[in-house]
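To start, the structure itself, in C-alpha coordinates.
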Amino acid sequence: MKKVLANREIDVNEEGYLVDFKQWDREICECIADECNIVMTEKHWEVIEYIHEKHKNEEPLSIRGIKKSGVINIKEFYNLFPGGPLKKATLIAGIPKPKSCI
Amino acid sequence: MKNLVILGAGTSGTMMANHLISKLPKREWNITIVDQFKTHYYQPGFLFLPFDIYTTKQVKKKGEKFIPKGVNYIQKKIELIKPDENKVQLEGDAQLDYDILIVATGTKIAPSEIEGMDGPMWYKNIFDFYTYEGAKALRNKLREWEGGKLVVHITEMPIKCPVAPLEFAFLADSFFKNKSMRDKVDITYVTPLGGAFTKPKATEALHHLLEEKGIKEVTDFNIERVDYENNKIVDYADTEVEYDLLVTVPTNMGDELIERSGMGDDLNYVPTNKATLQTNDYENIFAIGDATNLPASKAGSVAHFEAEILTDNILRYIKGEPLKAEFDGHANCFIETGNGKALLIDFNYTHEPVEGTFPFPGVGPLKLLKESRMNHMGKMAFRWIYWNMLIKGIHIPFVSTNMTTKGKKLEKINN
(Lines give C-alpha, C1' and ligand atoms only; values in the text may rest on other atoms or scores of the structure.)
Protein backbone atom coordinates (compact mmCIF):
# COMPACT_ATOMS: atom_id res chain seq x y z
CA MET A 1 0.00 0.00 0.00
CA LYS A 2 1.07 3.58 -0.67
CA LYS A 3 0.45 6.51 1.58
CA VAL A 4 1.34 10.17 1.20
CA LEU A 5 3.22 11.58 4.17
CA ALA A 6 5.09 14.91 4.15
CA ASN A 7 4.30 15.19 0.41
CA ARG A 8 6.07 11.90 -0.30
CA GLU A 9 4.75 8.51 -1.28
CA ILE A 10 5.60 5.97 1.42
CA ASP A 11 5.08 2.17 1.40
CA VAL A 12 3.02 0.95 4.35
CA ASN A 13 1.18 -2.24 5.30
CA GLU A 14 -2.56 -2.45 5.96
CA GLU A 15 -2.06 -1.26 9.54
CA GLY A 16 -0.03 1.75 8.46
CA TYR A 17 3.40 0.41 9.52
CA LEU A 18 6.28 1.37 7.25
CA VAL A 19 7.43 -1.47 5.03
CA ASP A 20 10.83 0.01 4.19
CA PHE A 21 12.70 1.64 7.06
CA LYS A 22 14.88 3.53 4.55
CA GLN A 23 11.89 5.76 3.82
CA TRP A 24 11.73 6.88 7.47
CA ASP A 25 13.08 10.22 8.64
CA ARG A 26 12.21 12.76 11.30
CA GLU A 27 9.73 14.53 9.05
CA ILE A 28 7.82 11.32 8.30
CA CYS A 29 8.02 10.46 11.98
CA GLU A 30 6.37 13.74 12.98
CA CYS A 31 3.60 13.22 10.43
CA ILE A 32 2.77 9.75 11.79
CA ALA A 33 2.93 11.08 15.36
CA ASP A 34 0.56 13.85 14.37
CA GLU A 35 -1.92 11.27 13.02
CA CYS A 36 -1.76 9.61 16.46
CA ASN A 37 -2.34 13.02 18.11
CA ILE A 38 1.14 12.96 19.58
CA VAL A 39 3.42 16.00 19.59
CA MET A 40 7.03 14.84 19.60
CA THR A 41 9.14 16.07 22.52
CA GLU A 42 12.76 15.41 23.40
CA LYS A 43 11.70 12.47 25.56
CA HIS A 44 9.75 10.97 22.64
CA TRP A 45 12.88 11.15 20.48
CA GLU A 46 14.93 9.44 23.16
CA VAL A 47 12.47 6.57 23.19
CA ILE A 48 12.46 6.37 19.39
CA GLU A 49 16.25 6.22 19.47
CA TYR A 50 16.15 3.40 22.03
CA ILE A 51 13.64 1.49 19.87
CA HIS A 52 15.81 1.90 16.78
CA GLU A 53 18.81 0.61 18.68
CA LYS A 54 16.88 -2.49 19.80
CA HIS A 55 15.57 -3.02 16.28
CA LYS A 56 19.06 -2.76 14.80
CA ASN A 57 20.32 -5.42 17.22
CA GLU A 58 17.30 -7.63 16.50
CA GLU A 59 16.32 -7.60 20.16
CA PRO A 60 12.59 -8.03 20.77
CA LEU A 61 10.74 -5.12 22.35
CA SER A 62 8.68 -5.68 25.45
CA ILE A 63 7.15 -3.75 28.30
CA ARG A 64 9.65 -5.48 30.61
CA GLY A 65 12.45 -4.29 28.35
CA ILE A 66 11.20 -0.70 28.65
CA LYS A 67 11.35 -1.02 32.44
CA LYS A 68 15.03 -1.94 32.21
CA SER A 69 15.87 0.47 29.38
CA GLY A 70 17.15 3.23 31.64
CA VAL A 71 15.51 5.69 29.22
CA ILE A 72 12.02 5.78 30.62
CA ASN A 73 9.75 3.99 33.07
CA ILE A 74 6.60 2.21 31.98
CA LYS A 75 4.24 4.84 33.37
CA GLU A 76 5.99 7.61 31.39
CA PHE A 77 5.98 5.37 28.33
CA TYR A 78 2.19 5.10 28.56
CA ASN A 79 1.91 8.87 29.04
CA LEU A 80 4.06 9.62 25.99
CA PHE A 81 2.31 7.14 23.72
CA PRO A 82 -1.21 6.75 25.13
CA GLY A 83 -3.19 3.60 24.32
CA GLY A 84 -0.92 0.68 23.36
CA PRO A 85 2.47 2.41 23.67
CA LEU A 86 4.53 -0.37 22.06
CA LYS A 87 2.30 -0.44 19.00
CA LYS A 88 2.21 3.36 18.70
CA ALA A 89 5.92 3.86 19.36
CA THR A 90 6.95 1.30 16.73
CA LEU A 91 4.50 2.78 14.23
CA ILE A 92 6.04 6.21 14.74
CA ALA A 93 9.57 4.78 14.74
CA GLY A 94 8.94 3.25 11.31
CA ILE A 95 9.68 -0.34 12.30
CA PRO A 96 7.37 -3.40 12.24
CA LYS A 97 4.74 -3.88 14.94
CA PRO A 98 6.26 -6.07 17.64
CA LYS A 99 5.26 -9.68 17.32
CA SER A 100 4.63 -11.40 20.58
CA CYS A 101 6.71 -14.46 21.12
CA ILE A 102 4.60 -17.53 21.37
CA MET B 1 35.54 -41.85 30.44
CA LYS B 2 33.70 -38.75 29.34
CA ASN B 3 30.79 -37.13 31.14
CA LEU B 4 27.48 -35.90 29.86
CA VAL B 5 25.47 -34.07 32.51
CA ILE B 6 21.78 -33.19 32.25
CA LEU B 7 20.46 -30.51 34.60
CA GLY B 8 16.77 -31.01 35.40
CA ALA B 9 14.69 -34.20 35.31
CA GLY B 10 11.44 -32.72 34.04
CA THR B 11 9.91 -33.51 30.67
CA SER B 12 12.95 -32.48 28.58
CA GLY B 13 15.71 -33.79 30.85
CA THR B 14 14.03 -37.17 31.34
CA MET B 15 13.47 -37.53 27.60
CA MET B 16 17.11 -36.71 26.88
CA ALA B 17 18.35 -39.30 29.41
CA ASN B 18 16.16 -41.92 27.74
CA HIS B 19 17.27 -40.99 24.23
CA LEU B 20 20.97 -40.83 25.02
CA ILE B 21 21.36 -43.97 27.12
CA SER B 22 20.84 -46.15 24.07
CA LYS B 23 22.83 -43.93 21.72
CA LEU B 24 26.06 -43.15 23.58
CA PRO B 25 28.68 -45.94 23.86
CA LYS B 26 28.62 -47.06 27.53
CA ARG B 27 32.36 -47.64 27.68
CA GLU B 28 33.09 -44.06 26.72
CA TRP B 29 30.32 -42.02 28.31
CA ASN B 30 28.86 -41.58 31.77
CA ILE B 31 25.43 -39.95 31.78
CA THR B 32 24.33 -38.08 34.91
CA ILE B 33 21.03 -36.31 35.54
CA VAL B 34 20.53 -33.91 38.46
CA ASP B 35 17.24 -32.73 39.99
CA GLN B 36 16.55 -31.85 43.58
CA PHE B 37 12.86 -32.87 43.46
CA LYS B 38 11.68 -36.46 43.78
CA THR B 39 8.33 -36.01 42.08
CA HIS B 40 7.73 -35.89 38.34
CA TYR B 41 4.52 -33.99 37.58
CA TYR B 42 2.31 -34.42 34.54
CA GLN B 43 2.06 -30.67 34.06
CA PRO B 44 -0.74 -30.67 31.44
CA GLY B 45 -2.86 -32.23 34.18
CA PHE B 46 -2.66 -29.05 36.28
CA LEU B 47 -5.35 -27.63 33.98
CA PHE B 48 -7.80 -30.37 34.99
CA LEU B 49 -7.01 -30.61 38.68
CA PRO B 50 -8.93 -27.43 39.70
CA PHE B 51 -12.12 -28.81 38.12
CA ASP B 52 -11.87 -32.23 39.78
CA ILE B 53 -11.44 -33.85 36.34
CA TYR B 54 -8.10 -35.32 37.39
CA THR B 55 -7.13 -36.44 40.87
CA THR B 56 -3.85 -35.45 42.48
CA LYS B 57 -2.62 -39.02 42.01
CA GLN B 58 -3.06 -38.83 38.25
CA VAL B 59 -0.65 -35.94 37.86
CA LYS B 60 2.36 -37.07 39.88
CA LYS B 61 4.68 -40.01 39.99
CA LYS B 62 8.10 -40.74 41.40
CA GLY B 63 10.69 -39.28 39.02
CA GLU B 64 13.02 -42.22 39.59
CA LYS B 65 10.69 -44.54 37.67
CA PHE B 66 11.43 -42.73 34.43
CA ILE B 67 15.20 -42.43 34.65
CA PRO B 68 16.67 -45.35 32.68
CA LYS B 69 19.06 -47.84 34.24
CA GLY B 70 22.65 -46.92 33.61
CA VAL B 71 22.01 -43.21 34.13
CA ASN B 72 23.42 -41.76 37.32
CA TYR B 73 20.54 -39.93 39.05
CA ILE B 74 21.53 -37.33 41.64
CA GLN B 75 18.85 -35.73 43.84
CA LYS B 76 20.59 -32.58 44.95
CA LYS B 77 20.15 -28.87 44.52
CA ILE B 78 22.32 -27.34 41.81
CA GLU B 79 24.21 -24.33 43.13
CA LEU B 80 26.10 -23.08 40.11
CA ILE B 81 27.13 -23.82 36.56
CA LYS B 82 30.74 -22.83 35.89
CA PRO B 83 30.81 -22.82 32.09
CA ASP B 84 34.40 -21.63 31.87
CA GLU B 85 35.63 -24.56 33.96
CA ASN B 86 33.19 -27.19 32.60
CA LYS B 87 31.97 -27.86 36.14
CA VAL B 88 28.65 -27.91 37.95
CA GLN B 89 28.59 -27.12 41.66
CA LEU B 90 26.01 -29.02 43.70
CA GLU B 91 24.87 -28.38 47.27
CA GLY B 92 27.24 -29.57 49.97
CA ASP B 93 30.40 -28.88 47.97
CA ALA B 94 29.95 -31.78 45.56
CA GLN B 95 31.15 -30.97 42.07
CA LEU B 96 30.51 -32.55 38.68
CA ASP B 97 32.80 -32.31 35.67
CA TYR B 98 31.26 -32.40 32.25
CA ASP B 99 32.35 -32.70 28.65
CA ILE B 100 28.84 -31.95 27.44
CA LEU B 101 26.14 -30.20 29.45
CA ILE B 102 22.42 -30.14 28.70
CA VAL B 103 20.43 -27.44 30.50
CA ALA B 104 16.82 -28.55 31.02
CA THR B 105 15.91 -26.54 34.10
CA GLY B 106 12.56 -25.36 32.76
CA THR B 107 10.55 -22.30 33.67
CA LYS B 108 8.79 -21.26 36.86
CA ILE B 109 6.13 -18.81 37.89
CA ALA B 110 7.39 -15.61 39.51
CA PRO B 111 4.33 -13.96 41.12
CA SER B 112 6.54 -11.60 43.13
CA GLU B 113 7.32 -9.72 39.89
CA ILE B 114 3.94 -7.96 40.21
CA GLU B 115 3.15 -5.82 43.23
CA GLY B 116 0.37 -7.28 45.35
CA MET B 117 0.10 -10.58 43.53
CA ASP B 118 1.60 -12.97 46.04
CA GLY B 119 0.64 -10.82 49.03
CA PRO B 120 -1.83 -11.73 51.78
CA MET B 121 -4.54 -12.85 49.34
CA TRP B 122 -2.34 -15.36 47.46
CA TYR B 123 -4.18 -18.69 47.53
CA LYS B 124 -7.16 -16.97 49.23
CA ASN B 125 -8.80 -15.30 46.22
CA ILE B 126 -5.75 -15.07 43.93
CA PHE B 127 -4.49 -18.33 42.45
CA ASP B 128 -2.22 -19.74 39.82
CA PHE B 129 -2.77 -23.17 38.27
CA TYR B 130 0.75 -23.61 36.86
CA THR B 131 2.03 -25.32 40.00
CA TYR B 132 0.78 -28.43 41.75
CA GLU B 133 0.18 -26.40 44.92
CA GLY B 134 -1.70 -23.66 43.06
CA ALA B 135 -3.90 -26.05 41.08
CA LYS B 136 -4.77 -28.00 44.22
CA ALA B 137 -5.54 -24.88 46.27
CA LEU B 138 -7.73 -23.59 43.44
CA ARG B 139 -9.58 -26.93 43.30
CA ASN B 140 -10.45 -26.57 46.98
CA LYS B 141 -11.60 -22.99 46.40
CA LEU B 142 -13.76 -23.90 43.39
CA ARG B 143 -15.46 -26.71 45.29
CA GLU B 144 -17.03 -24.18 47.61
CA TRP B 145 -17.07 -20.95 45.61
CA GLU B 146 -20.53 -19.50 45.30
CA GLY B 147 -19.97 -17.37 42.23
CA GLY B 148 -19.14 -13.80 41.32
CA LYS B 149 -16.55 -12.28 39.01
CA LEU B 150 -13.99 -14.80 37.78
CA VAL B 151 -11.03 -13.18 36.05
CA VAL B 152 -8.63 -15.41 34.08
CA HIS B 153 -5.48 -13.40 33.55
CA ILE B 154 -2.07 -13.55 31.83
CA THR B 155 0.61 -11.29 33.31
CA GLU B 156 3.17 -11.15 30.50
CA MET B 157 4.49 -13.27 27.65
CA PRO B 158 6.14 -15.69 27.14
CA ILE B 159 4.36 -18.26 29.29
CA LYS B 160 4.42 -22.03 29.40
CA CYS B 161 1.59 -23.41 27.27
CA PRO B 162 0.06 -20.17 25.90
CA VAL B 163 -3.30 -21.87 25.33
CA ALA B 164 -3.75 -23.10 28.91
CA PRO B 165 -5.38 -19.90 30.26
CA LEU B 166 -7.92 -20.02 27.42
CA GLU B 167 -8.61 -23.64 28.15
CA PHE B 168 -9.06 -22.72 31.78
CA ALA B 169 -11.72 -20.15 30.81
CA PHE B 170 -13.52 -22.67 28.59
CA LEU B 171 -13.44 -25.40 31.22
CA ALA B 172 -14.66 -22.95 33.86
CA ASP B 173 -17.66 -22.18 31.64
CA SER B 174 -18.55 -25.91 31.44
CA PHE B 175 -17.76 -26.49 35.11
CA PHE B 176 -20.21 -23.83 36.29
CA LYS B 177 -22.83 -24.94 33.75
CA ASN B 178 -22.61 -28.46 35.10
CA LYS B 179 -22.98 -27.13 38.62
CA SER B 180 -26.07 -25.19 37.44
CA MET B 181 -24.54 -21.91 38.54
CA ARG B 182 -23.24 -20.41 35.28
CA ASP B 183 -25.69 -17.51 35.72
CA LYS B 184 -23.97 -16.61 38.99
CA VAL B 185 -20.52 -16.42 37.42
CA ASP B 186 -19.18 -13.66 35.23
CA ILE B 187 -16.05 -14.80 33.35
CA THR B 188 -13.54 -12.29 31.92
CA TYR B 189 -10.37 -13.18 30.04
CA VAL B 190 -7.63 -10.56 30.45
CA THR B 191 -4.51 -10.67 28.28
CA PRO B 192 -1.53 -8.43 27.43
CA LEU B 193 -1.87 -9.59 23.80
CA GLY B 194 -3.99 -7.84 21.20
CA GLY B 195 -6.30 -10.88 20.99
CA ALA B 196 -7.08 -14.29 22.43
CA PHE B 197 -3.92 -15.94 21.09
CA THR B 198 -0.55 -15.13 19.58
CA LYS B 199 -1.33 -16.24 16.01
CA PRO B 200 -4.02 -14.49 13.91
CA LYS B 201 -5.94 -17.51 12.45
CA ALA B 202 -6.23 -19.26 15.80
CA THR B 203 -7.10 -15.97 17.50
CA GLU B 204 -10.11 -15.61 15.21
CA ALA B 205 -11.38 -19.12 15.96
CA LEU B 206 -10.77 -18.76 19.68
CA HIS B 207 -12.36 -15.31 19.85
CA HIS B 208 -15.48 -16.80 18.33
CA LEU B 209 -15.53 -19.54 20.96
CA LEU B 210 -15.10 -17.05 23.80
CA GLU B 211 -18.03 -15.05 22.47
CA GLU B 212 -20.18 -18.15 22.09
CA LYS B 213 -19.54 -19.09 25.71
CA GLY B 214 -20.27 -15.61 27.02
CA ILE B 215 -16.69 -14.99 28.17
CA LYS B 216 -15.66 -11.32 28.02
CA GLU B 217 -12.25 -10.33 26.66
CA VAL B 218 -10.00 -7.52 27.84
CA THR B 219 -6.96 -7.24 25.53
CA ASP B 220 -3.74 -5.16 25.57
CA PHE B 221 -3.82 -5.18 29.36
CA ASN B 222 -0.31 -4.82 30.79
CA ILE B 223 -0.73 -5.29 34.52
CA GLU B 224 1.00 -2.88 36.87
CA ARG B 225 -0.29 -4.15 40.20
CA VAL B 226 -2.90 -6.20 41.99
CA ASP B 227 -4.97 -4.06 44.33
CA TYR B 228 -5.78 -6.97 46.63
CA GLU B 229 -7.55 -4.74 49.17
CA ASN B 230 -10.14 -3.65 46.61
CA ASN B 231 -10.08 -6.84 44.53
CA LYS B 232 -9.00 -5.37 41.23
CA ILE B 233 -6.11 -5.56 38.81
CA VAL B 234 -4.76 -2.30 37.43
CA ASP B 235 -2.72 -1.82 34.25
CA TYR B 236 -0.24 0.87 33.22
CA ALA B 237 -2.95 2.77 31.35
CA ASP B 238 -4.96 2.81 34.63
CA THR B 239 -7.56 0.40 33.26
CA GLU B 240 -9.09 -1.58 36.11
CA VAL B 241 -10.70 -5.00 36.11
CA GLU B 242 -12.55 -6.11 39.23
CA TYR B 243 -12.56 -9.70 40.41
CA ASP B 244 -13.92 -11.86 43.18
CA LEU B 245 -11.69 -14.73 42.12
CA LEU B 246 -8.48 -14.02 40.21
CA VAL B 247 -6.86 -16.92 38.38
CA THR B 248 -3.63 -15.53 37.02
CA VAL B 249 -0.69 -16.82 35.07
CA PRO B 250 2.18 -14.94 36.74
CA THR B 251 5.34 -13.89 34.93
CA ASN B 252 7.25 -16.99 33.84
CA MET B 253 11.00 -17.04 34.42
CA GLY B 254 13.83 -19.50 33.97
CA ASP B 255 15.40 -21.09 37.04
CA GLU B 256 17.35 -18.85 39.41
CA LEU B 257 20.33 -21.13 38.83
CA ILE B 258 20.63 -19.62 35.34
CA GLU B 259 20.74 -16.12 36.80
CA ARG B 260 23.27 -17.12 39.48
CA SER B 261 25.46 -18.64 36.78
CA GLY B 262 25.22 -15.50 34.63
CA MET B 263 23.90 -17.48 31.67
CA GLY B 264 20.44 -16.03 31.09
CA ASP B 265 18.58 -13.14 29.48
CA ASP B 266 16.19 -10.72 31.27
CA LEU B 267 13.86 -13.58 32.14
CA ASN B 268 16.63 -16.07 33.02
CA TYR B 269 16.21 -18.00 29.77
CA VAL B 270 19.36 -19.35 28.15
CA PRO B 271 20.13 -17.75 24.75
CA THR B 272 20.06 -20.75 22.41
CA ASN B 273 20.37 -21.32 18.67
CA LYS B 274 16.76 -21.85 17.58
CA ALA B 275 17.60 -24.47 14.96
CA THR B 276 20.45 -26.49 16.55
CA LEU B 277 19.74 -26.04 20.32
CA GLN B 278 23.38 -25.29 21.05
CA THR B 279 23.71 -22.36 23.46
CA ASN B 280 24.95 -19.15 21.87
CA ASP B 281 27.83 -18.71 24.30
CA TYR B 282 29.27 -22.20 24.90
CA GLU B 283 29.73 -24.86 22.26
CA ASN B 284 29.63 -27.81 24.67
CA ILE B 285 26.46 -26.59 26.42
CA PHE B 286 23.07 -27.32 24.89
CA ALA B 287 19.66 -26.24 26.14
CA ILE B 288 16.21 -27.69 25.63
CA GLY B 289 12.57 -27.04 26.42
CA ASP B 290 11.30 -24.23 28.61
CA ALA B 291 14.82 -23.27 29.76
CA THR B 292 15.70 -21.82 26.33
CA ASN B 293 14.85 -18.43 24.85
CA LEU B 294 13.56 -20.02 21.63
CA PRO B 295 10.67 -18.13 19.99
CA ALA B 296 8.58 -21.32 20.17
CA SER B 297 5.85 -22.39 22.57
CA LYS B 298 6.99 -23.50 25.97
CA ALA B 299 5.22 -26.83 25.85
CA GLY B 300 5.85 -30.54 26.20
CA SER B 301 5.19 -31.23 22.52
CA VAL B 302 7.86 -28.71 21.56
CA ALA B 303 10.31 -30.30 24.01
CA HIS B 304 9.48 -33.70 22.50
CA PHE B 305 10.31 -32.55 18.96
CA GLU B 306 13.42 -30.74 20.21
CA ALA B 307 14.66 -33.86 22.02
CA GLU B 308 14.79 -35.88 18.80
CA ILE B 309 16.86 -33.21 17.06
CA LEU B 310 19.08 -32.50 20.07
CA THR B 311 19.92 -36.21 20.36
CA ASP B 312 21.13 -36.18 16.74
CA ASN B 313 23.09 -33.00 17.30
CA ILE B 314 24.84 -34.31 20.41
CA LEU B 315 25.98 -37.36 18.46
CA ARG B 316 27.21 -35.10 15.66
CA TYR B 317 28.98 -32.83 18.13
CA ILE B 318 30.79 -35.83 19.65
CA LYS B 319 31.93 -36.96 16.19
CA GLY B 320 33.07 -33.44 15.36
CA GLU B 321 30.53 -33.12 12.55
CA PRO B 322 28.60 -29.91 11.84
CA LEU B 323 25.29 -29.64 13.75
CA LYS B 324 22.02 -30.05 11.90
CA ALA B 325 20.11 -26.79 11.90
CA GLU B 326 16.83 -28.57 11.83
CA PHE B 327 14.47 -27.54 14.61
CA ASP B 328 11.55 -25.67 13.02
CA GLY B 329 9.67 -24.65 16.17
CA HIS B 330 7.09 -27.43 15.70
CA ALA B 331 4.31 -27.40 18.30
CA ASN B 332 1.22 -29.54 18.45
CA CYS B 333 -1.40 -28.71 21.07
CA PHE B 334 -4.85 -29.86 21.99
CA ILE B 335 -7.00 -26.99 23.22
CA GLU B 336 -9.71 -28.16 25.59
CA THR B 337 -12.87 -26.17 24.86
CA GLY B 338 -15.19 -27.64 27.48
CA ASN B 339 -18.19 -30.01 27.26
CA GLY B 340 -16.01 -32.91 26.19
CA LYS B 341 -14.66 -31.20 23.09
CA ALA B 342 -11.28 -29.89 22.03
CA LEU B 343 -9.47 -28.17 19.19
CA LEU B 344 -6.11 -29.25 17.83
CA ILE B 345 -3.47 -26.87 16.51
CA ASP B 346 -0.22 -27.71 14.70
CA PHE B 347 2.28 -24.99 13.83
CA ASN B 348 5.93 -23.91 13.76
CA TYR B 349 8.17 -20.82 13.59
CA THR B 350 6.86 -19.82 10.16
CA HIS B 351 3.45 -21.47 9.73
CA GLU B 352 0.57 -20.37 11.91
CA PRO B 353 -2.12 -22.88 12.95
CA VAL B 354 -4.65 -23.46 10.15
CA GLU B 355 -7.56 -25.80 9.42
CA GLY B 356 -6.96 -29.28 8.06
CA THR B 357 -6.56 -32.87 9.22
CA PHE B 358 -3.98 -34.58 11.44
CA PRO B 359 -1.86 -36.69 11.44
CA PHE B 360 -2.98 -38.21 8.09
CA PRO B 361 -3.47 -35.63 5.32
CA GLY B 362 -7.11 -35.57 4.18
CA VAL B 363 -8.09 -38.37 6.58
CA GLY B 364 -7.47 -37.21 10.11
CA PRO B 365 -8.91 -38.59 12.28
CA LEU B 366 -8.15 -35.40 14.15
CA LYS B 367 -9.34 -32.06 12.79
CA LEU B 368 -7.16 -28.98 13.04
CA LEU B 369 -8.61 -25.76 14.44
CA LYS B 370 -12.10 -27.27 14.71
CA GLU B 371 -13.90 -28.41 17.85
CA SER B 372 -14.53 -32.14 18.07
CA ARG B 373 -15.02 -34.96 20.58
CA MET B 374 -12.24 -36.91 18.89
CA ASN B 375 -9.76 -34.13 19.70
CA HIS B 376 -10.89 -34.22 23.33
CA MET B 377 -10.27 -37.96 23.40
CA GLY B 378 -6.85 -37.32 21.96
CA LYS B 379 -6.12 -34.90 24.78
CA MET B 380 -7.29 -37.40 27.39
CA ALA B 381 -5.27 -40.21 25.80
CA PHE B 382 -2.25 -37.98 25.92
CA ARG B 383 -1.78 -38.55 29.66
CA TRP B 384 -1.14 -42.24 28.95
CA ILE B 385 1.11 -41.37 26.02
CA TYR B 386 3.06 -38.96 28.24
CA TRP B 387 3.81 -41.42 31.04
CA ASN B 388 4.33 -44.44 28.81
CA MET B 389 5.91 -43.10 25.64
CA LEU B 390 6.80 -39.44 25.56
CA ILE B 391 9.14 -39.09 28.52
CA LYS B 392 10.62 -42.50 27.83
CA GLY B 393 11.77 -41.14 24.49
CA ILE B 394 9.66 -43.52 22.41
CA HIS B 395 8.79 -42.01 19.04
CA ILE B 396 5.08 -41.27 18.71
CA PRO B 397 3.89 -43.02 15.54
CA PHE B 398 2.82 -40.86 12.57
CA VAL B 399 3.80 -37.59 14.24
CA SER B 400 6.86 -36.16 12.51
CA THR B 401 9.51 -34.09 14.25
CA ASN B 402 9.34 -31.35 11.66
CA MET B 403 5.94 -29.92 10.87
CA THR B 404 4.25 -31.20 7.73
CA THR B 405 2.20 -28.90 5.49
CA LYS B 406 0.25 -31.79 3.95
CA GLY B 407 -3.49 -31.90 4.65
CA LYS B 408 -3.50 -28.29 5.74
CA LYS B 409 -5.35 -25.32 4.32
CA LEU B 410 -2.40 -23.00 4.13
CA GLU B 411 -3.37 -19.53 3.10
CA LYS B 412 -0.31 -17.51 3.75
CA ILE B 413 3.15 -18.07 5.05
CA ASN B 414 4.65 -15.47 7.33
CA ASN B 415 8.24 -14.34 6.94
Side-chain angles (χ1 to χ4, degrees), chain A residues 1 11-21 33 36-38 43-44 47 50-51 53-93 95-102, chain B residues 110 113-114 154-163 191-195 197-200 202-203 219-225 234-239 251-253 265-269 271 274 292-299 302 329-331 333 345 347-353 414-415:
Chain A
M1 269 166 70
D11 297 299
V12 295
N13 69 13
E14 62 275 13
E15 289 182 301
Y17 285 81
L18 260 61
V19 177
D20 181 5
F21 181 63
C36 301
N37 296 322
I38 290 169
K43 203 70 195 168
H44 287 95
V47 175
Y50 163 81
I51 286 174
E53 189 65 25
K54 289 293 238 188
H55 181 63
K56 205 175 75 193
N57 299 332
E58 293 181 15
E59 292 172 55
L61 285 165
S62 65
I63 289 289
R64 173 173 288 267
I66 294 290
K67 189 153 82 181
K68 294 190 172 178
S69 67
V71 176
I72 193 170
N73 68 35
I74 303 175
K75 213 66 188 177
E76 288 175 291
F77 188 45
Y78 268 82
N79 288 336
L80 291 182
F81 303 94
L86 273 181
K87 284 183 211 165
K88 289 249 170 84
T90 46
L91 178 73
I92 294 168
I95 64 161
K97 184 171 155 184
K99 270 191 257 176
S100 52
C101 270
I102 180 151
Chain B
E113 289 288 306
I114 300 297
I154 300 172
T155 301
E156 65 182 299
M157 298 302 283
I159 56 168
K160 193 199 291 264
C161 191
V163 294
T191 169
L193 299 172
F197 193 55
T198 51
K199 306 268 175 176
T203 297
T219 56
D220 296 305
F221 186 96
N222 283 299
I223 189 168
E224 184 191 9
R225 64 196 164 90
V234 184
D235 93 338
Y236 285 103
D238 293 324
T239 313
T251 303
N252 276 212
M253 293 180 90
D265 62 12
D266 276 0
L267 288 164
N268 299 344
Y269 296 125
K274 69 175 191 175
T292 72
N293 74 335
L294 261 54
S297 284
K298 295 193 179 297
V302 177
H330 190 187
C333 314
I345 55 174
F347 57 103
N348 68 10
Y349 289 140
T350 49
H351 291 73
E352 64 164 314
N414 295 326
N415 303 322

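All chains are named by letter (A, B, ...) in the order of the sequence lines, taking the proteins before the strands, and each is independently numbered beginning at 1.
Atom CG of residue B/Asp235 and atom OH of residue A/Tyr78 lie 5.0 Å apart, to the nearest 0.5 angstrom. The distance from atom CD1 of B/Ile223 to atom CD1 of A/Ile63, rounded to the nearest 0.5 Å, is 13.0 Å.
At a 4.5 Å heavy-atom cutoff, the contact between B/Thr251 and chain A is made by side-chain atoms alone. Residue contact with chain B, scored on non-hydrogen atoms closer than 4.5 Å, involves the side chain of A/Lys68 exclusively.
Side chains of A/Arg64 and B/Leu267 form a contact here, defined as non-hydrogen atoms less than 4.5 Å apart.
The two atoms that bring B/Asp220 and A/Lys87 nearest to each other are OD1-NZ, 2.9 Å, heavy atoms only.
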